[in-house]
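Labels below follow one simple rule: chain letters A, B, ... track the order of the sequence lines, proteins then strands, and each chain is numbered from 1. Predicted, not measured: the structure shown is a model, and the values here were computed from it.
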Amino acid sequence: MKRIVIIVVLALIVAVVLISYRQTDTTLTKPVITSPNQPASIVPSPTPVSFDDDTDLIQEVRKLDPSPLDSDWKILEDSVKQL
Amino acid sequence: MSKFILSVLLLICCWLVPSSVDARITPEDTINSQRNTFNQKVSKYSSEHQQKLDQISQHIQQINKSRTEELDHLMIVQAAILEEYQRRVGNTREEEIENARYWVTYAHEAVAYQAAKIYIYDLTTESNIRSDASRLISLFRSDLESTRQKVIKSQKIVEGTVR
């Protein structure tokens with residue numbers, strides 16, 4: 001009798017663990033936040049990226065500096081001042 | 001002895017069950033809850049303030065969209081450069097290339113995550129409207145700067161690899 005109880009409890013634990021992991025996993029793999037106004041803006045590069053054999057890759061990497069954000073912050077700061 | 005084992009097993013069960021319940025609260029639920037709270041509060045604000053808040057919110061969305069699109073493009077080019085470098089050097093320096101690829105992927109995921117973020121005001125009172133708006137802007141600024149720094153870090157690592 002005791003063995004049966006232990007087996008049942010163990011089976012329950014396994015079931016709970018499996019369910020909880022599955023739910024957690026689903027949460028993690030879901031798109032985190034979605035909005036009709038702001039779709040995830042993953043836009044493919046307009047032109048395919050390709051390089052010639054003699055392209056200087058170091059120079060190519062150095063061209064990839066992101067734009068400064070100062071003008072964006074200025075727009076937002078000015079908007080707040082209008083409040 | 002068997003009672004002890006049963007007690008331990010039951011305790012483990014009690015510990016596991018709440019975690020499965022917590023997992024049911026999705027990020028969408030959190031966002032919807034924040035949005036509802038915001039809508040309730042902002043409906044009591046003057047129409048001028050409502051309009052201004054909406055305008056700032058739109059600015060945030062536009063900036064986030066344009067900047068994350070730019071960062072996304074940079075990450076695509078970084079990945080392409082790394083692929084080209086691997087093509088040139090073959091299997092040599094495999095470890096360094098894999099490390100660089102890890103950071104490219106990490107930064108690219110961060111960009112995608114940032115692109116999908118929604119910023120909702122956490123309003124207190126109408127008299128505090130300026131500080132409430134500033135708080136949201138600061139959060140957005142911090143998030144976007146952090147994402148940008150990840151892209152720059154990835155860029156440096158790729159540069160160090162292809163050098």
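- Within the 4.5 angstrom heavy-atom criterion, no atom of Asp78(A) approaches chain B.
- Heavy atoms closer than 4.5 Å to chain A are found in the side chain of Arg88(B), but not in its backbone.
- If you measure heavy-atom distances from Asp65(A) to chain B, the contacts under 4.5 Å come from both the backbone and the side chain.
- Side-chain contact between Pro66(A) and Arg67(B): absent, with no pair of heavy atoms (C-beta onward) separated by less than 4.5 Å.
- Between Val61(A) and Gln155(B) there is a side-chain heavy-atom pair separated by less than 4.5 Å.
- Interface residue Val151(B): only side-chain heavy atoms are found under 4.5 Å from chain A.
- Looking at heavy atoms from C-beta onward, Glu145(B) lies in side-chain contact with Trp73(A) at the 4.5 angstrom threshold.
- With a threshold of 4.5 angstrom between heavy atoms, Ile56(B) approaches chain A through its backbone and through its side chain.
- In this structure, the portion of Ile63(B) lying under 4.5 Å from any heavy atom of chain A is its side chain and not its backbone.
- Between Leu69(A) and Arg148(B) the shortest heavy-atom distance is CD1-CD, 3.5 Å.
- In the model, Ser67(A) has a side-chain atom that pairs as donor or acceptor with a side-chain atom of Glu70(B) under 3.5 Å.
- Taking both residues in full, the closest heavy atoms of Arg87(B) and Asp53(A) are given as NH2-OD1, 2.6 Å, listed atom of the first, atom of the second, then distance.
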Under the side chain to side chain contact (heavy atoms under 4.5 Å, CB included) rule, what do Ile81(B) and Leu64(A) come out as? Steps first, then yes or no, please.
CA-CA 11 Å; Ile81(B) 289 171; Leu64(A) 299 179; 3.9 Å; yes
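- Only the side chain of Gln55(B) comes within contact range of chain A, judged by heavy atoms closer than 4.5 Å.
- Panel note: side chain Glu159(B), backbone Ile58(A); no donor-acceptor pair is recorded below 3.5 Å.
- A heavy-atom distance below 4.5 Å is not found between the side chains of Glu60(A) and Glu84(B).
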